Every structure is written in structure tokens, then in C-alpha cells.
Protein chains: 2
Amino acid sequence: MTELTGFPTRKQLRDLKRREIVRCATVKFGTEGYENVTLEAIATELGVTKAALYNYCSSKNDLLMQCYELGMDLLVDAVETAMAGTGSAAERLAAGLKAYIVTMLRPDMQYLWSYTRPMVTSGDKRSVLDSRDKLDAMFRNVLNAGISDGSLRAELDPKLASLVILGAANWVGIWYREGGGQSPVEIAADVTGEALRGYLV
Amino acid sequence: MTELTGFPTRKQLRDLKRREIVRCATVKFGTEGYENVTLEAIATELGVTKAALYNYCSSKNDLLMQCYELGMDLLVDAVETAMAGTGSAAERLAAGLKAYIVTMLRPDMQYLWSYTRPMVTSGDKRSVLDSRDKLDAMFRNVLNAGISDGSLRAELDPKLASLVILGAANWVGIWYREGGGQSPVEIAADVTGEALRGYLV
DNA sequence: GCACTTTGGTAACCGAGGGTCATTAAGCTT
DNA sequence: AAGCTTAATGACCCTCGGTTACCAAAGTGC
């Protein structure tokens with residue numbers, strides 16, 4: 001989010017608009033569901049016509065990809081920050097997982113995540129898949145580090161373990177709905193504890 | 001799959017056709033994705049017109065629900081059978097989970113499962129949600145049984161544990177793609193072992 | 001055997017919505 | 001001022017989910 005000062009250049013203005021479109025679409029896709037949101041609706045909300053949107057995306061699906069990309073970036077950032085601490089690998093793993101879940105449960109991410117992610121197929125934008133791989137790699141790395149520093153069980157298989165752990169975490173994004181008594185932070189703590197139970201020494 | 005002998009009655013014929021439509025739709029939704037399948041395509045493949053389908057379903061989404069229902073029934077049956085053994089609860093849990101994963105990875109279930117499930121919202125057909133609850137209950141029950149018979153750790157929380165375990169299992173349906181070297185049975189065994197690691201005594 | 005309803009299908013159509021394109025208005029540049 | 005680029009518009013097309021009027025064949029009562 002680079003802020004502008006003075007006269008924005010053409011490029012800056014363009015990027016600003018693009019981001020505004022993506023932000024608007026993210027909220028609408030997230031709360032109403034991809035299929036129920038028309039490009040007309042997005043355009044109207046932004047005070048332009050549908051055709052104008054096509055200056056910033058090549059198709060509705062491409063717009064969805066841009067939304068997803070934004071979400072993935074948030075997620076990567078959150079996990080990266082949480083894992084940057086100086087504790088044991090096990091502690092960093094727990095912190096990263098907790099951050100992952102909490103971020104995923106943000107109101108504007110939640111539905112986007114659970115409802116939309118499945119429509120991102122392997123044929124899609126490379127950058128999206130890159131973020132996905134990056135997240136996976138971050139968790140595998142910290143799992144490996146845990147074996148090295150002795151804070152996680154030595155016999156675990158990082159690849160399998162990351163699948164199980166991320167599976168459990170991603171599942172939260174699917175069943176969690178607001179107003180269920182527990183806050184995202186509480187849920188994240190519970191699920192993190194449960195998912196890592198078999199790996200802590 | 002009740003087979004017919006002799007002259008089928010009107011009702012039988014009708015139900016036969018309905019099932020054939022659902023079967024066809026399941027395969028197509030599963031392999032091509034819900035959005036990419038037109039009712040025309042399904043109708044053509046069955047040698048009828050689009051309008052004829054509306055004698056057997058009330059909307060495209062309703063057809064999807066019927067597909068999903070079929071899949072859920074298969075899943076419930078598979079798990080029920082696998083869990084019916086006489087071993088310890090831990091053994092039955094492992095068998096059930098393995099059956100769950102293997103069934104989920106059947107070619108005609110796979111995409112339907114990962115791609116389509118998210119579109120089944122809480123406002124949908126009761127029977128679909130019932131199957132979902134039923135599966136969940138089956139796993140929670142066997143977890144409870146495991147605490148009782150001592151084959152699982154006493155301190156586990158069945159609700160949380162079933163979320164984590166099913167989350168890990170469902171995640172497989174999302175990342176698994178055919179031709180990845182490992183067979184569904186092998187994957188099911190690996191993931192089952194990994195997901196239950198923290199719960200076995 | 002003949003009217004008469006019921007069932008299951010068809011062809012034609014409708015409207016919503018994604019996507020396109022010629023055109024125009026508003027800056028830059030020289 | 002002239003010419004070029006950019007961004008937006010409005011009218012349009014096409015696909016596809018869904019509806020409706022109509023028809024043919026199978027069952028049913030007389």
C-alpha cells in the first residue's frame with residue numbers, strides 16, 4: 001500500500017484504480033459468493049460501467065485470480081512475520097500456524113478462501129500457485145528446522161506432516177462461521193494445539 | 001442399485017432415468033467442473049433435450065445436490081462398512097478413515113468432492129447436510145469409544161480431534177491428482193497414519 | 001374401440017450476464 | 001494547435017439457465 005503524495009502519475013493512478021477494483025471485488029465475492037456477484041454490480045458500486053473493468057482485468061475469472069492473489073499475499077506476510085521470531089522451531093511453527101488460521105478467518109478472507117480457492121485450478125496464473133508453494137515450503141522448512149533443533153519429533157516426514165497440518169488448518173476456513181461463540185484467535189489456538197499434538201517432543 | 005426384471009413399472013422407469021441423469025451429471029461435473037458443464041451437454045449426452053431434464057430436477061443446482069447426495073451416500077456406506085469390524089476403536093477409526101479417503105479419491109468422486117462441496121451451503125437440501133452430520137458423528141463416536149476402550153489417548157477432545165482428522169483427510173481430496181506415483185490406497189494409508197499419530201496410545 | 005386424462009418429451013422462446021467493439025472525451029507531447 | 005495515447009462509455013452479441021405452449025404415447029373408464 002504505497003501512499004501517494006502530490007500529483008499521482010498516470011501509472012500510479014492506474015494501479016490505484018486496479019487495487020480499488022480488486023478490493024471491492026474481494027469483499028463482494030467474499031460475502032456474496034463468486035457466482036452471485038455480477039460485474040455490473042461491482043462496476044456500479046465503483047461508479048463506472050462494466051466495460052471499464054475490462055481495462056484492468058481480462059475476465060471475471062481473472063479478477064477472481066487477482067483477489068485470490070491479494071489474499072495469498074496477506075497470508076504469506078502474516079505467516080512470515082509470525083515465524084520470524086527467535087524461539088525454537090516448534091514455537092515458530094505454532095506461531096505461524098496460528099497466524100495462518102487467524103488471517104484466513106478474517107471476514108473478508110473467509111468466504112473468499114473457502115468458496116473461491118477450489119476454482120483456482122492448476123492452469124491458473126503462475127503467481128497464485130507460487131504463493132501456494134511458498135506457504136507450503138515455509139511450513140516444511142520450519143518442520144525440518146524442528147527436527148534439527150530437537151523441538152519436534154525426529155521421525156516425522158515434513159512433506160506428509162505439512163499436508164496434514166495445513167489440511168486441518170484449511171478445513172477451519174471451511175466450517176468456521178462468525179458468531180459461533182469462539183473468536184478466531186481462540187479457534188486458532190485450539191486447532192493449532194490439536195494439529196501439532198503428534199509432532200511436539 | 002435395485003435391478004429390474006420383467007416389465008418395469010412407470011415408477012421404476014422414472015427412477016431409473018433419474019439415476020442415469022445423476023450419474024451422468026456426476027461424471028461431468030466431477031471431471032469438467034460445475035460451471036463448465038451446460039445442461040445442454042448433459043442432455044445431449046443422454047440423447048434428450050435440456051427441457052426434459054427439468055422433469056427430474058428443479059434446477060441445475062438441484063441436480064448438483066442430487067450428485068452430492070449420491071456421493072455422500074457412497075461415503076457414508078464405505079465408512080460404515082469399514083468401521084463395522086470388531087477390533088479396537090483405534091483400529092476401526094483407522095479403517096474408517098482409510099475407507100473415507102479411498103472413496104473420496106475415486107475418479108468420479110474426486111473433483112465433485114473438492115470442487116463442488118463448497119457450493120453446498122447451509123441453506124441447501126436437508127438430506128445433504130444430514131449425511132455430513134452423520135459422517136461427523138460416526139467419527140466422533142469412534143473417538144469416544146477409543147477413549148473408553150483405552151485404545152486412544154484419554155485426554156483428546158472428540159470434537160476438535162474429528163475436525164482436525166477430517167480436515168486432513170478432506171484436504172487430500174483437494175491436492176490429490178491422478179498419476180502422482182502413489183495410488184489412492186497408499187496415500188490413504190500414509191495420511192491415516194499421519195493424521196492419527198497424535199491420538200494413538 | 002373410443003374419448004380423456006396423465007406422463008414425458010420437444011421446440012421455441014426469454015432474460016440475465018459475460019464479453020466485445022466502435023466511438024468519444026480527456027489528458028500528454030511537441 | 002495538431003496529433004497521439006488512455007480510459008471510459010453505450011450499444012451490441014452470445015451463451016446458458018429456465019419457462020411455456022404444444023404434442024405423442026401410454027394408461028384408464030365406458
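Owing to the predicted nature of the structure, the values given are computational and were not obtained by experimental measurement. Labels below follow one simple rule: chain letters A, B, ... track the order of the sequence lines, proteins then strands, and each chain is numbered from 1.
Atom pair B:Tyr56:OH and C:dG8:C1' shows a separation of 6 Å (rounding to whole Å applied). Rounded to an integer number of Å, the gap from B:Lys11 NZ to C:dT7 P is 8 Å. For A:Leu53 and C:dT20, the CG to C1' distance is 14 Å, given to the nearest whole Å. In this structure, A:Lys28 atom NZ and C:dG17 atom C1' are separated by 15 Å, rounded to whole Å. In this structure, A:Gln12 places its CD atom 14 Å from P of D:dA7, rounding to the nearest Å. B:Ile21 has its CD1 atom 12 Å from the C1' atom of C:dG9, to the nearest Å. For the pair B:Leu16 CG and C:dG8 P, the interatomic distance rounds to 13 Å; values are reported in whole Å. Atoms CG (A:Asn55) and C1' (C:dA26) sit 14 Å apart, rounded to a whole Å.
Between B:Arg14 and C:dG8 there is a side-chain N or O to OP1 or OP2 distance below 4.0 Å. At least one side-chain nitrogen or oxygen of A:Lys17 sits closer than 4.0 Å to the OP1 or OP2 atom of D:dA8.
Under 4.0 Å is where a charged nitrogen must lie from a carboxylate oxygen, and between B:Asp15 and B:Arg19 at least one such pair does. Using a 4.0 Å cut-off between charged nitrogen and carboxylate oxygen, A:Arg106 and A:Asp108 count as a salt-bridge pair. Salt-bridge formation is detected for the pair B:Glu20/B:Arg23: a Lys NZ or Arg NE/NH1/NH2 atom is positioned less than 4.0 Å from an Asp or Glu carboxylate oxygen.
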Pairs under 3.5 angstrom, nitrogen or oxygen only, protein versus nucleotides 12-21 of chain D, please.
unit_1: D:dG17; atom_1: OP1; unit_2: B:Lys60; atom_2: NZ; d: 3.0
unit_1: D:dG17; atom_1: OP2; unit_2: B:Leu39; atom_2: N; d: 3.0
unit_1: D:dG17; atom_1: N7; unit_2: B:Lys50; atom_2: NZ; d: 2.8
unit_1: D:dG18; atom_1: OP2; unit_2: B:Tyr54; atom_2: OH; d: 2.9
unit_1: D:dG18; atom_1: OP2; unit_2: B:Lys60; atom_2: N; d: 2.7
unit_1: D:dG18; atom_1: O5'; unit_2: B:Tyr54; atom_2: OH; d: 3.3
unit_1: D:dG18; atom_1: N7; unit_2: B:Lys50; atom_2: NZ; d: 3.1
unit_1: D:dG18; atom_1: O6; unit_2: B:Lys50; atom_2: NZ; d: 2.7

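Between the CG atom of A:Leu135 and the CG atom of A:Leu75 there is a distance of 5.5 Å, given to the nearest 0.5 Å. For the atom pair CD1 (B:Ile147) and CG (B:Asp157), the distance works out to 8.0 Å, reported to the nearest 0.5 Å. Atoms OH and OG, on A:Tyr199 and A:Ser162 in that order, are 9.0 Å from each other to the nearest 0.5 Å.
Relative to the six-membered ring of B:Tyr54, B:Lys60 misses at least one condition, a distance below 6.0 Å or an angle of at most 45° to the axis.
For A:Thr49, the listed nucleotide lying nearest its side chain is D:dG10; candidates were C:dG9, D:dG10, D:dA7.
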